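This is a predicted model, so every value here is computed, not measured.
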Amino acid sequence: MRIIKKREIEPMETTITISYNEWDEELEDLQSYIEGNYQTISGYNQRKSLCVIPLKDILYFEAVGELVFAYTKNNVYEIKMRLYKIEEKVNKYKIIRASKSILINIPKIEQLKSALNGRMLATMVNGEQIMISRAYARELVARIKMV
């Protein structure tokens with residue numbers, strides 16, 4: 001594989017071209033990774049205003065009863081979508097399930113420590129700590145090695 005960079009003097013928007021002989025899983029992964037950097041989700045801030053939130057700014061999603069919230073470094077947004085629907089929509093290489101009620105953004109993890117009973121404790125970039133359940137801990141470690 002080789003990478004060719006070409007600067008456009010007046011581009012309309014950034015464009016990435018992938019030349020290939022056969023589309024394979026590696027290229028599919030690359031496409032998902034690139035597209036994931038530009039994904040957004042809609043949510044309501046505390047004043048009930050609709051906002052477009054870049055996924056790269058979200059630390060984690062949490063389901064509390066029937067409500068789902070997205071937490072960024074400075075704000076909390078209510079998301080009008082079920083957690084499993086968010087999981088289907090987002091970039092699978094960056095956002096992963098941490099427990100039954102939490103999806104976590106892997107690049108926003110500052111530190112990961114083992115906890116009791118096979119669980120893990122993730123410290124996010126804002127200092128907040130999130131418990132990773134035993135059922136999802138192994139997958140999270142594997143994904144961290146990929147990111």
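Rounding to the nearest 0.5 Å places OG of Ser114 at 11.5 Å from CD1 of Ile132. For the atom pair CD (Glu62) and CD1 (Ile102), the distance works out to 4.5 Å, reported to the nearest 0.5 Å. Atom CD of residue Glu87 and atom CZ of residue Arg82 lie 13.0 Å apart, to the nearest 0.5 angstrom. Note: Leu140 CG to Ile104 CD1 = 6.5 Å, rounded to the nearest 0.5 Å. Atom CD1 of Ile79 sits about 6.0 Å away from atom CD1 of Ile86, to the nearest 0.5 Å.
In the hydrophobic clustering of ILVMFWY residues, with side-chain heavy atoms under 4.5 Å counting as a link, Ile106 and Val141 come out together. Both Leu67 and Tyr60 are part of a single hydrophobic cluster, where members link through side-chain heavy atoms under 4.5 Å apart.
Of the possible polar contacts, one joining the Lys108 side chain to the Lys56 backbone as a donor-acceptor pair under 3.5 Å is found. At distances below 3.5 Å, at least one donor-acceptor pair connects side-chain atoms of Arg97 with backbone N or O atoms of Lys100. Within the 3.5 Å criterion, the main-chain N or O of Asn45 finds no donor-acceptor partner in the side chain of Asn75. Using modelled atom types, no side-chain atom of Asp57 and backbone atom of Thr72 make a donor-acceptor pair closer than 3.5 Å.
For Arg119 against Arg134, the heavy-atom pair with the smallest separation is CG-N, 3.7 Å. Closest non-hydrogen pair, Pro54 versus Thr40, comes out as CA-CG2, 4.0 Å.
Using cut-offs of 30° and 60° on the angle between ring planes, the pair Tyr20 and Trp23 is perpendicular.
Figure legend: cation-pi geometry between Lys80 and Tyr44, with NZ or CZ positioned under 6.0 Å from the six-membered ring centre and within 45° of its axis.
With 3.5 Å as the limit, one finds no donor-acceptor pair spanning the side chains of Tyr71 and Glu128.
The environment of CD in Glu88 is crowded: more than 12 heavy-atom neighbours from other residues, nucleotides or ligands sit within 6.0 Å.
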